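Treat the numbers as computed from the prediction; the structure is a model and nothing was measured. Heads up: numbering here begins at 1 and tracks the sequence.
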Amino acid sequence: QVQLAESGGGSVQSGGSLRLACAASGDTFSRYCMGWFRQAPGKAREGVAFMDSNNTTKYEDSVKGRFTISQDNAKNTLFLQMNSLKPEDTAMYSCAAELRSRFDYCGGSGYLYRYWGQGTQVTVFS
């Protein structure tokens with residue numbers, strides 16, 4: 001099974017940028033749907049961006065045009081470039097993985113994903 005570890009969170013002023021990374025180990029990266037989720041205090045977890053090994057991507061509406069998901073297959077690492085950050089982007093961000101064969105397309109609820117990293121906090125202040 002795959003193990004995931006995020007890095008790159010932090011505090012940034014509104015309008016700034018951060019780049020999150022999710023290093024995967026233990027299995028072939030290309031077998032998985034990879035996703036970034038976030039959860040703010042008192043709010044439900046939401047899927048932010050998803051990607052498969054064919055570079056097919058899917059974004060939550062509020063981050064389209066601001067966030068970019070990408071992956072480096074050679075390094076088994078998933079990235080989330082976050083630009084034009086807003087205070088409402090403040091949340092714990094986690095990467096998740098699930099076997100691609102279980103989906104028609106990568107996306108969906110976090111309940112569909114079995115493998116999770118520990119999360120990294122992103123705080124955007126105005």
Side-chain angles (χ1 to χ4, degrees):
Q1 65 183 34
V2 66
Q3 291 86 46
L4 305 173
E6 302 95 336
S7 61
S11 295
V12 64
Q13 193 168 18
S14 180
S17 298
L18 284 173
R19 189 190 197 204
L20 305 184
C22 173
S25 60
D27 201 349
T28 305
F29 195 61
S30 60
R31 296 180 62 200
Y32 292 85
C33 272
M34 303 296 297
W36 287 100
F37 291 81
R38 66 185 179 186
Q39 187 166 21
K43 294 188 177 181
R45 181 175 58 196
E46 64 175 352
V48 175
F50 301 89
M51 190 169 198
D52 66 16
S53 61
N54 293 321
N55 292 327
T56 301
T57 59
K58 184 177 184 291
Y59 294 93
E60 193 270 329
D61 285 346
S62 70
V63 307
K64 285 179 180 177
R66 300 188 299 122
F67 291 11
T68 303
I69 189 171
S70 63
Q71 57 191 15
D72 183 333
N73 288 324
K75 296 181 178 180
N76 275 9
T77 302
L78 181 75
F79 299 99
L80 185 68
Q81 178 67 42
M82 304 185 295
N83 297 330
S84 302
L85 282 161
K86 304 174 181 180
E88 50 263 44
D89 294 317
T90 295
M92 179 69 74
Y93 284 71
S94 300
C95 66
E98 183 51 74
L99 290 170
R100 179 65 180 89
S101 58
R102 294 189 171 211
F103 296 93
D104 291 331
Y105 60 89
C106 290
S109 166
Y111 294 106
L112 300 174
Y113 291 74
R114 287 179 290 169
Y115 308 108
W116 292 83
Q118 80 285 357
T120 186
Q121 178 67 35
V122 171
T123 302
V124 185
F125 56 91
S126 56

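By the rule that hydrophobic residues join a cluster once side-chain heavy atoms approach within less than 4.5 Å of another member, Y115 and L78 end up as members of one cluster. Linking Ile, Leu, Val, Met, Phe, Trp and Tyr whenever their side-chain heavy atoms come within less than 4.5 Å leaves M92 and L18 in two separate clusters.
Partner of F79 under the side-chain contact (heavy atoms from CB on, under 4.5 Å) criterion, chosen from L20, I69, D72: D72.
Side-chain N or O atoms of Q3 include one that pairs as donor or acceptor with a backbone N or O of Q1 at under 3.5 Å. Between the side chain of E98 and the backbone N or O of R114 there is at least one donor-acceptor pair closer than 3.5 Å. Between the side chain of Q39 and the main chain of A91, no donor-acceptor pair closer than 3.5 Å is present. A distance-only check finds a donor-acceptor pair linking the side chain of D52 to the backbone of N54 [under 3.5 Å]. A side-chain donor-acceptor contact under 3.5 Å links T90 to the backbone of V124. The closest donor-acceptor contact from the side chain of Q81 to the backbone of R19 lies at 3.5 Å or more, if one exists at all.
Within a 6.0 Å sphere centred on OH of Y105, other residues, nucleotides and ligands contribute 12 heavy atoms or fewer.
The shortest distance between side-chain heavy atoms of N73 and Q71 falls below 4.5 Å. Proximity of M82 to V122: side-chain heavy atoms (C-beta onward) are separated by under 4.5 Å at one or more points. For the pair V63/R38, a side-chain contact is recorded, criterion being any heavy-atom separation below 4.5 Å from C-beta on. Counting heavy atoms from C-beta outward, E6 and Q118 have side chains that approach closer than 4.5 Å.
For residues 75-126, every residue pair satisfying the disulfide (SG to SG under 2.5 Å) rule, not counting sequence neighbours, is listed here: C22-C95, C33-C106.
Of all non-hydrogen atoms in S14 and S126, the two that sit nearest each other are CB-CA, 4.1 Å. For V2 against L4, the heavy-atom pair with the smallest separation is CG2-CD2, 4.0 Å. Taking each heavy atom of T77 and A23 in turn, the nearest pair found is OG1-CA, 4.2 Å. Pairing each heavy atom of S17 with each of N83, the nearest pair is OG-OD1, 2.9 Å. Of all heavy-atom pairs spanning W116 and S94, the tightest one is CE3-CB, 3.9 Å.
For the atom pair L85 CG and S11 OG, the distance stands at 11.0 Å (nearest 0.5 Å). T120 OG1 to L80 CG: the interatomic distance, rounded to the nearest 0.5 Å, is 11.0 Å. For the atom pair CZ (F50) and CZ (F103), the distance works out to 8.0 Å, reported to the nearest 0.5 Å. To the nearest 0.5 Å, atom OG of residue S62 and atom CD of residue E88 are 8.0 Å apart.
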ask   = Is there a side chain to side chain contact (heavy atoms under 4.5 Å, CB included) between F67 and E60 once you walk through the steps?
value = CA-CA 10 Å; F67 291 11; E60 193 270 329; over 6 Å; no
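Ion pairing between D61 and K64 holds under the 4.0 Å rule for side-chain N and carboxylate O.
The aromatic rings of Y113 and F37 sit perpendicular to each other, their planes meeting at more than 60°, with 30° as the lower class boundary.
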